[in-house]
Amino acid sequence: TIYWDGAYGALDMSADISLYSTWTFSGDCVLKGNGNTLYLEQAAQINVERGSSLTLKNITVKKAHGTNIRCLDAAASVWFDHVDLKISNDFYFNQGSFFVDHCLELDGGYGFYYQSDQQSTIARSGRFEIKPGGLLSYAPSSAARNLIALDTEDSELALDGATLHSTTTGLQLTKGTLCVIGKCFLTSDATCKAEGIIFGDGVSGANDLTLQVKPESNLKLTSGHLVYKNLA
């Protein structure tokens with residue numbers, strides 16, 4: 001197990017790395033990939049210590065799955081800055097928060113299950129893209145509907161041949177843009193409108209969700225309810 005203290009500066013990668021053990025990051029840490037790839041091999045684990053943050057910057061991370069990248073408490077966070085996260089099986093974000101600064105691409109055709117009770121944010125000009133065959137599932141451990149937040153009108157959640165799912169908690173998206181590329185799907189476990197996926201808030205036009213459907217693309221609701229509350 002290796003412990004990295006953010007007080008000692010950023011950790012720079014000058015080549016691809018295969019990780020077989022545990023890296024624990026404490027304080028405000030930055031892992032600079034410099035365009036290289038981090039392979040999370042069997043038994044590899046990245047932990048963000050309690051109350052700490054880890055920025056993954058300009059890096060490809062392969063073989064992410066389960067909880068092999070995780071926050072150790074609700075106050076910990078992972079920041080994604082130009083990250084290609086390639087998951088090799090379903091991935092569970094069950095504690096703490098994440099922040100998408102610039103871009104995060106989720107690739108691999110598996111599910112990203114958001115189970116935390118903390119709010120995560122796609123920043124101004126940030127883009128969280130789910131690549132073909134992938135799934136973003138909103139399944140928080142609280143009753144809050146807004147725990148994946150689009151910070152401004154320039155924040156973007158993109159589905160590229162992918163699926164957006166919500167449990168009966170319901171997911172409410174406001175302010176930013178939902179971009180649809182190719183054949184994409186909405187699925188919900190909702191049995192009534194009150195449990196559905198919600199676009200906008202019905203109160204302020206500033207909170208409308210922009211739906212951007214690219215040419216030859218479509219978004220299909222396959223189960224549950226979609227509630228459209230945009231004012232425009």
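- Heavy atoms only, all atoms of each residue included: Tyr110 and Ser88 are closest at CE1-O, 3.2 Å.
- Between Ala64 and Ile69, the shortest heavy-atom contact is CB-CD1, 4.5 Å.
- Minimum heavy-atom separation, Ser155 to Ala123: OG-O, 2.8 Å.
- Proximity of a side-chain donor or acceptor of Gln118 to a complementary backbone N or O of Gly96 within less than 3.5 Å is not detected.
- With a 4.5 Å cut-off on side-chain heavy atoms, Gln45 and Arg70 count as touching.
- The shortest distance between side-chain heavy atoms of Leu31 and Leu38 falls below 4.5 Å.
- No more than 12 heavy-atom neighbours from other residues, nucleotides or ligands sit within 6.0 angstrom of CH2 on Trp79.
- Judged by distance alone, with hydrogens and angles left aside, the side-chain atoms of Asn34 form no donor-acceptor pair with the main-chain N or O of Ser14 at under 3.5 Å.
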query = Do Lys63 and Glu41 pass the side-chain contact (heavy atoms from CB on, under 4.5 Å) test, and can you show the C-alpha distance, the side-chain angles, and the key distance before you say yes or no?
reply = CA-CA 7 Å; Lys63 303 183 183 180; Glu41 305 294 354; 2.7 Å; yes

message = Using the rule given for side-chain contact (heavy atoms from CB on, under 4.5 Å), can you reason through Leu56 versus Leu54, listing the C-alpha separation, both sets of side-chain angles and the distance that settles it, and then say yes or no?
response = CA-CA 6 Å; Leu56 297 171; Leu54 170 63; 3.9 Å; yes

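- For the 3.5 Å distance criterion, the side chains of Ser26 and Asp5 fail to qualify, holding no donor opposite an acceptor.
- Criterion: ILVMFWY side-chain heavy atoms under 4.5 Å apart, direct or through other members. Under it, Leu178 and Leu231 are not part of a common hydrophobic cluster.
- In this structure, the ring of Phe98 has its center less than 6.0 angstrom from the ring center of Tyr114.
- Closest non-hydrogen pair, Val48 versus Ala76, comes out as O-CB, 3.8 Å.
- Judged by distance alone, with hydrogens and angles left aside, the side-chain atoms of Ser53 form no donor-acceptor pair with the main-chain N or O of Val78 at under 3.5 Å.
- If you check the side chains of His102 and Asp81, you find a donor sitting under 3.5 Å from an acceptor.
- Ser141 contributes a side-chain N or O that, together with a main-chain N or O of Gln115, makes up a donor-acceptor pair within less than 3.5 Å.
- Side-chain contact between Lys183 and Asn218 is present, with heavy atoms from C-beta onward closer than 4.5 Å.
- Side chain of Asn230 to main chain of Leu209: a donor-acceptor pair is present (N/O by atom type, distance under 3.5 Å, no hydrogens or angles).
- Considering all non-hydrogen atoms of both residues, Pro140 and Ser116 come closest at CB-O, 3.4 Å.
- Between Lys131 and Asp160, some side-chain heavy-atom pair lies under the 4.5 Å cut-off.
- Leu19 places a side-chain heavy atom less than 4.5 Å from the side chain of Ile46.
- Panel note: side chain Asn36, backbone Met13; a donor-acceptor pair is recorded below 3.5 Å.
- Ring planes of Tyr228 and Phe199: perpendicular class, angle over 60° (limits at 30 and 60°).
- Put simply, the side chain of Gln119 reaches to within 4.5 Å of the side chain of Asn146, judged on heavy atoms.
- A donor-acceptor pair under 3.5 Å is formed between the side chain of Gln172 and the backbone N or O of Gly200.
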key: Worked check of side-chain contact (heavy atoms from CB on, under 4.5 Å) between Leu72 and Glu49   = CA-CA 5 Å; Leu72 296 186; Glu49 188 55 271; 3.7 Å; yes

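- No donor-acceptor pair closer than 3.5 Å links the side chain of Asn89 to the backbone N or O of Gly66.
- No salt bridge links Asp151 with Arg124; every basic N to acidic carboxylate O contact stays at or beyond 4.0 Å.
- Each of Val180 and Ile198 belongs to its own hydrophobic cluster when Ile, Leu, Val, Met, Phe, Trp and Tyr are linked at side-chain heavy-atom distances under 4.5 angstrom.
- In this structure, Glu153 places its CD atom where only 12 or fewer heavy-atom neighbours from other residues, nucleotides or ligands lie under 6.0 Å away.
- Between the side chain of Thr177 and the backbone N or O of Cys179, no donor-acceptor pair lies under 3.5 Å.
- Using a 4.5 Å cut-off between side-chain heavy atoms of Ile, Leu, Val, Met, Phe, Trp and Tyr, with links allowed through other members, Leu147 and Ile122 fall into the same hydrophobic cluster.
- Scanning both residues, Ala144 and Tyr138, for their nearest heavy atoms gives O-OH, 2.6 Å.
- Cluster annotation: Leu106 is connected to Leu219 through the hydrophobic network of ILVMFWY side chains, with a link wherever side-chain heavy atoms come within less than 4.5 Å.
- Put simply, the side chain of Thr174 never gets that close to the backbone of Asp208: no donor and acceptor are under 3.5 Å apart.
- Note that CD1 of Ile2 and CG of Leu11 are 9.0 Å apart. Values are rounded to the nearest 0.5 Å.
- Between Trp23 and Phe25, the ring-plane angle classifies as perpendicular under the 30° and 60° cut-offs.
- Put simply, Leu211 and Ile181 are part of two different groups of oily side chains (I, L, V, M, F, W, Y) that touch within less than 4.5 Å, one to the next.
- Residues Glu105 and Asp107 form no side-chain contact, since every pair of their non-hydrogen atoms from C-beta on lies 4.5 Å or further apart.
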Val203 and Lys229: CA distance, side-chain angles, deciding distance, side-chain contact (heavy atoms from CB on, under 4.5 Å) verdict = CA-CA 8 Å; Val203 176; Lys229 288 189 174 182; over 6 Å; no

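- A heavy-atom distance below 4.5 Å is not found between the side chains of Asp101 and Thr55.
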